[in-house]
There are 2 protein chains.
Amino acid sequence: MGFKERRQKHKDEFKAEILEAALTLFAQEGYANFSMRKLAARIDYSPTTIYNYFRDKDDLLFHICENHYAHLMEEIREIRKRGISPEETLREAMLGYIRYSLAHPEQYKVVFFSNPQLYGRPEEFKNRDTMSLRLWRNTCEVIDECMRSGVFRPMDGETLSIVFWSAVHGLVSSFIFTKDFPMPDPDVMAKMLLDGLFKGYK
Amino acid sequence: MGFKERRQKHKDEFKAEILEAALTLFAQEGYANFSMRKLAARIDYSPTTIYNYFRDKDDLLFHICENHYAHLMEEIREIRKRGISPEETLREAMLGYIRYSLAHPEQYKVVFFSNPQLYGRPEEFKNRDTMSLRLWRNTCEVIDECMRSGVFRPMDGETLSIVFWSAVHGLVSSFIFTKDFPMPDPDVMAKMLLDGLFKGYK
DNA sequence: AAATTATAATTAACGATGTTAAGTATGGGC
DNA sequence: GCCCATACTTAACATCGTTAATTATAATTT
């Protein structure tokens, strides 16, 4: 391995290190208290150094999102390998989404509160290999399997997927963003939502 | 009317004027580009003047939220007076919520992206007469009427209300916050969501 | 009418923020 | 030992929310 490769490798490692530090900074200080300068202080470099590894703050946030989606992907991939019924698979996938997101609220905020065009324009989204797209495809596949096996009546799968996802997203974001309203138990609410949706589209 | 009342009235009017200016600033420049200083420039006063009428930025945002909820309240109140069935009432109320929120996305962002404790702590929320609480009570009442008239099977009304609301909130926030994903038609999606929920809890 | 006082507005400043431009150190290739 | 690319730092700019000190204005009292 030559100098160039070695240096590139070092650069990649450092980039990953910055990301790691950003994740813990998010987890510890929260989205509102995250800043480039604080991150720089954490890794003991000047703020501008980060800009050698990430184009700007949005670029950094994009990678944080991808990291979040990667975890959700791992979750759904593992569930799909279990060989359980499509209905159970979808249910577990949605519960997994809820559980992981509620366990990492500050990362979830990044996904939904930073630049709404973090992944570019809509038409570009599906031509780009991202964790977000992979997760989306997986979700659609599971919903399709549900429809093919009669768990759901025939309808537009893509739209149904969005309906499912957005309902779950609504639940998660309610818990994460609303701290001035007495919310019920998340598990109780998740069960009620999913029961309703499954029955509703049967 | 004495001097004190007249001055108080003037103060109230000015406060309302600031709020008005804030609303149009939000609508025109968006949540991200809203700032106290820009608002001050709009009303041709120094930034610090605003602090004579609002405690801080959060206080101002609180009133923006209340304004938003007031409109939604007006909407649901009007619908309930129509004398249509509970099911139709709930359906129209949810569609009204969606329509108004999508028509005022930047105001909606305020409601869900500013300080999560804008309305204080959860236990205080229900002891404070706010537009938000009134809207919530109205929603619960409509859902209760649905349950009593057999539109929904018996279950915990409060939880069902939150489930309904959060699902609709998920739909709205998806459209407002996600600009990098190809979304379907809002009306189609709204219909599918509500159809599913109504059937799901029958 | 003049002096006093309360109120409303302003200017100046502090500590943050993201980001760019200019300058400095470091270490391999000739 | 010199050159140059790369990595990093310092300094700076324009913004932000907010506080303290200050001035202008209008009302009240003498």
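Proteins come first, then strands; the chains are lettered A, B, ... in the order of their sequence lines, and each starts at number 1.
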Just N and O in the side chain of [X]: are any of them under 4.0 Å from OP1 or OP2 of [N]?
X     : N      : result
B:Y53 : C:dA9  : yes
A:K38 : C:dA16 : no
B:S46 : C:dA9  : no

Base D:dT18 paired with B:T48 side chain (donor-acceptor, <3.5 Å):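 It does not, because no donor-acceptor pair links the side chain of B:T48 to the base of D:dT18 below 3.5 Å.
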
Between [atom2] of [N] and [atom1] of [X], the distance in whole Å:
X      : N      : atom1 : atom2 : result
B:I18  : C:dA8  : CD1   : C1'   : 12 Å
B:N115 : D:dG17 : CG    : C1'   : 14 Å
B:M36  : C:dA9  : CE    : P     : 15 Å
B:H10  : C:dA8  : NE2   : C1'   : 10 Å
B:D44  : C:dA8  : CG    : C1'   : 16 Å
A:D56  : C:dT19 : CG    : P     : 5 Å
A:R37  : D:dA12 : CZ    : P     : 13 Å
B:F14  : C:dA8  : CZ    : P     : 11 Å

Sugar-phosphate, base or nothing in reach of A:F54, heavy atoms under 4.0 Å: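 Nothing, no heavy atom under 4.0 Å.
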
Polar contact flag, side-chain donor to acceptor under 3.5 angstrom, B:Y108-B:H68: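 On atom types as modelled, these side chains do not qualify, holding no pair under 3.5 Å.
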
A:T130 and A:S132 side chains, donor-acceptor separation under 3.5 Å: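 No, A:T130 and A:S132 have no side-chain donor paired with an acceptor closer than 3.5 Å.
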
Lys/Arg-Asp/Glu bridge criterion (N-O < 4.0 Å) met for A:R99, A:E92: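 No, A:R99 and A:E92 are not salt-bridged.
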
Quick check for you: among [options], whose closest atom lies nearest to any side-chain atom of [X]?
X     : options               : result
A:T49 : C:dA13, D:dC8, D:dA7  : D:dC8
B:Y45 : C:dA9, C:dG18, D:dC16 : C:dA9
B:Y51 : D:dT9, C:dG18, D:dT18 : D:dT18

Residue whose nearest DNA chain C nucleotide is more 5′ - A:K57 or B:P47: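 Taking each residue's closest nucleotide, the earlier one in sequence belongs to B:P47.
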
Aromatic ring proximity, centroids under 6.0 angstrom, A:F164 and A:F152: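 Aromatic pair counts; centres sit under 6.0 Å.
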
Where B:N115 and B:D58 come nearest, the two heavy atoms and their spacing: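 Looking at all heavy atoms of both residues, the shortest contact is ND2-OD2, 3.2 Å.
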
